[in-house]
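Remarks on the structure that follows.
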Protein chains: 2
Amino acid sequence: MKLKDYSKIFKALSNEQRLKIFMMIYKNCCAPKGTVVGAEFRIKDESTCCVKGSLDKAFTKICDCMNLSRSTISHHFKELQSAGLITCEREGQTYRCKVNEDVVDSIKDFLK
Amino acid sequence: MKLKDYSKIFKALSNEQRLKIFMMIYKNCCAPKGTVVGAEFRIKDESTCCVKGSLDKAFTKICDCMNLSRSTISHHFKELQSAGLITCEREGQTYRCKVNEDVVDSIKDFLK
DNA sequence: TGCAAGATTCTACAACATTAGAACAATAAG
DNA sequence: CTTATTGTTCTAATGTTGTAGAATCTTGCA
């Protein structure tokens with residue numbers, strides 16, 4: 001990964017709203033590598049995150065607690081995906097997100 | 001530290017030029033905590049960084065290899081300082097920078 | 001088939017970021 | 001003292017980002 005890629009990752013996390021979205025996903029779905037998609041949403045701490053009680057509908061739930069328009073949130077998801085931080089899949093009305101832990105690891109690595 | 005503080009840190013690192021400046025400082029002066037200011041510039045790998053051969057004049061040397069105006073670089077230094085990532089001191093024509101490793105650590109902490 | 005709900009895309013615009021240049025202040029060197 | 005060097009600040013131009021709303025697409029359900 002090049003410097004430009006890292007700056008892109010940091011840019012994706014540089015907006016407070018987007019960082020909040022990322023952390024909501026990260027803190028709830030940072031399943032061990034190898035976990036099948038669809039099982040990612042394991043609630044770790046319901047008190048700190050409003051994405052609760054369900055494994056899917058991440059988008060809608062995040063919309064419900066974010067006070068931003070859907071289009072804006074969709075845009076933020078795209079930015080996070082584009083930086084490689086998350087991957088998203090739609091399967092019908094189920095919206096599944098997964099944090100790309102390799103990328104998170106490489107940030108930590110980058111910072112030595 | 002709050003979410004907003006983290007987003008500010010990430011914003012400081014979100015610009016490629018500024019990230020480059022930060023890394024030049026980081027890779028050359030990440031001295032152990034407690035090291036006195038003025039002894040931070042220990043060259044670790046001269047081949048990957050153009051800040052060479054001296055402990056001070058960081059500003060000038062970074063200018064020399066950055067292809068940006070002095071005023072722009074000064075501005076970038078300010079952003080990095082404002083985010084808490086570095087501290088700078090001038091003593092005459094000696095410009096000394098230090099990476100705030102606590103902040104770097106707290107990023108790593110945040111991402112885990 | 002038709003309607004409702006979920007998510008995306010397009011458009012537009014205000015706000016903010018990046019940048020250089022000129023003027024300046026502080027220091028060093030001759 | 002004068003001149004060159006170093007870094008800051010101000011101003012202004014240009015480019016990028018964050019955001020909402022309307023239109024659109026996709027899926028599920030009656």
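Proteins come first, then strands; the chains are lettered A, B, ... in the order of their sequence lines, and each starts at number 1. What you see below is based on every heavy atom in this structure, not just the backbone, and it leaves out hydrogens, waters and symmetry mates.
Taking atom CD on B:Glu89 and atom P on D:dT8, their separation rounds to 13 Å, with Å as the unit. The interatomic distance linking B:Phe59 (CZ) with D:dT9 (C1') rounds to 12 Å, in whole Å. Following rounding to the nearest Å, B:Glu16 (CD) and C:dT18 (P) show an atom-to-atom distance of 12 Å. One can place CD1 of B:Ile21 at 12 Å from C1' of C:dT19, the figure rounded to the nearest angstrom. As a whole-Å value, the separation of A:Lys8 NZ from D:dT17 P is 10 Å. The interatomic distance linking B:Lys61 (NZ) with D:dG7 (P) rounds to 11 Å, in whole Å. As rounded to whole Å, 12 Å separates atom P of D:dT8 from atom CG of B:Leu80.
The structure places OG1 of A:Thr87 at 7.0 Å from CD of A:Glu89, a figure rounded to the nearest 0.5 Å. Separation of atoms CG (A:Asp105) and NZ (B:Lys112) is listed at 9.5 Å; rounding is to 0.5 Å.
Remark on DNA chain D: of its neighbouring residues B:Phe77 and A:Glu79, the 5'-side contact belongs to B:Phe77, judged by nearest-heavy-atom nucleotide. The nearest heavy atom of DNA chain C to A:Lys11 and to A:Gln81 marks one nucleotide each, and the one closer to the 5' end goes with A:Gln81.
The backbone N or O of A:Thr72 sits less than 3.5 Å from a side-chain atom of A:Ser69, completing a donor-acceptor pair. Proximity of a side-chain donor or acceptor of A:Tyr26 to a complementary backbone N or O of A:Val99 within less than 3.5 Å is not detected.
In this structure, B:Cys88 and B:Arg96 have side chains that are not in contact, with every pair of non-hydrogen atoms separated by 4.5 Å or more. Contact check for A:Ser74 versus A:Phe59: side-chain heavy atoms found under the 4.5 Å cut-off. Considering only heavy atoms from C-beta on, B:Cys65 comes within 4.5 Å of B:Met24 through its side chain. Residues A:Thr60 and A:Arg70 have side chains in contact (heavy-atom distance under 4.5 Å, counting atoms from C-beta outward).
Residue B:Ser74 has its side chain nearest to D:dT8 when only C:dA17, D:dT8, C:dT8 are considered.
Proximity of B:Tyr95 to the phosphate of D:dT5: no side-chain N or O atom is located under 4.0 Å from OP1 or OP2. For the pair B:Lys78 and D:dG7, the criterion of a side-chain N or O lying under 4.0 Å from OP1 or OP2 is not met.
A:Ile62 and A:Met66 make their closest contact through O-CG, 2.9 Å (heavy atoms, listed as atom of the first residue, atom of the second, distance). Closest non-hydrogen pair, B:Ile25 versus B:Cys97, comes out as CG2-CB, 3.9 Å.
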Identify each donor-acceptor pair in which a side-chain atom of residues 8-21 of chain B lies under 3.5 Å from a protein atom, sequence neighbours left out, and give them as a table.
unit_1: B:Lys8; atom_1: NZ; unit_2: B:Ser82; atom_2: OG; d: 2.9
unit_1: B:Ser14; atom_1: OG; unit_2: B:Lys11; atom_2: O; d: 2.7
unit_1: B:Asn15; atom_1: OD1; unit_2: B:Gln17; atom_2: N; d: 3.0
unit_1: B:Asn15; atom_1: OD1; unit_2: B:Arg18; atom_2: N; d: 3.0
unit_1: B:Arg18; atom_1: NE; unit_2: B:Ala12; atom_2: O; d: 2.8
unit_1: B:Arg18; atom_1: NH1; unit_2: B:His76; atom_2: ND1; d: 3.3
unit_1: B:Arg18; atom_1: NH2; unit_2: B:Lys11; atom_2: O; d: 3.1

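More than 12 non-hydrogen atoms from other residues, nucleotides or ligands lie less than 6.0 angstrom from NZ of A:Lys108.
The end-to-end axis angle of the helix from C:dT1-D:dA30 to C:dG30-D:dC1, rounded to 10 degrees and based on five pairs per end, is 20°.
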What's the verdict on side chain to side chain contact (heavy atoms under 4.5 Å, CB included) for A:Asn100 and A:Val104, showing C-alpha distance, side-chain angles and the deciding distance? CA-CA 7 Å; A:Asn100 187 348; A:Val104 176; over 6 Å; no
Close N or O pairs between protein and nucleotides 11-13 of chain C (under 3.5 Å):
none

Identify the pairs formed between an N or O of the protein and an N or O of nucleotides 13-15 of chain D at a distance under 3.5 Å, and give each distance.
none

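Listed by chain and residue number, B:Tyr6 satisfy the ring pair (Phe, Tyr, Trp, His ring centres under 6.0 Å) test with B:Phe110 (two or more places apart in sequence, or in another chain).
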How would nucleotides 19-30 of chain D be written as a contact map, 5' to 3', with B for base contact, S for sugar-phosphate-only contact and - for no contact, using protein heavy atoms under 4.0 Å? BBBB----SS--
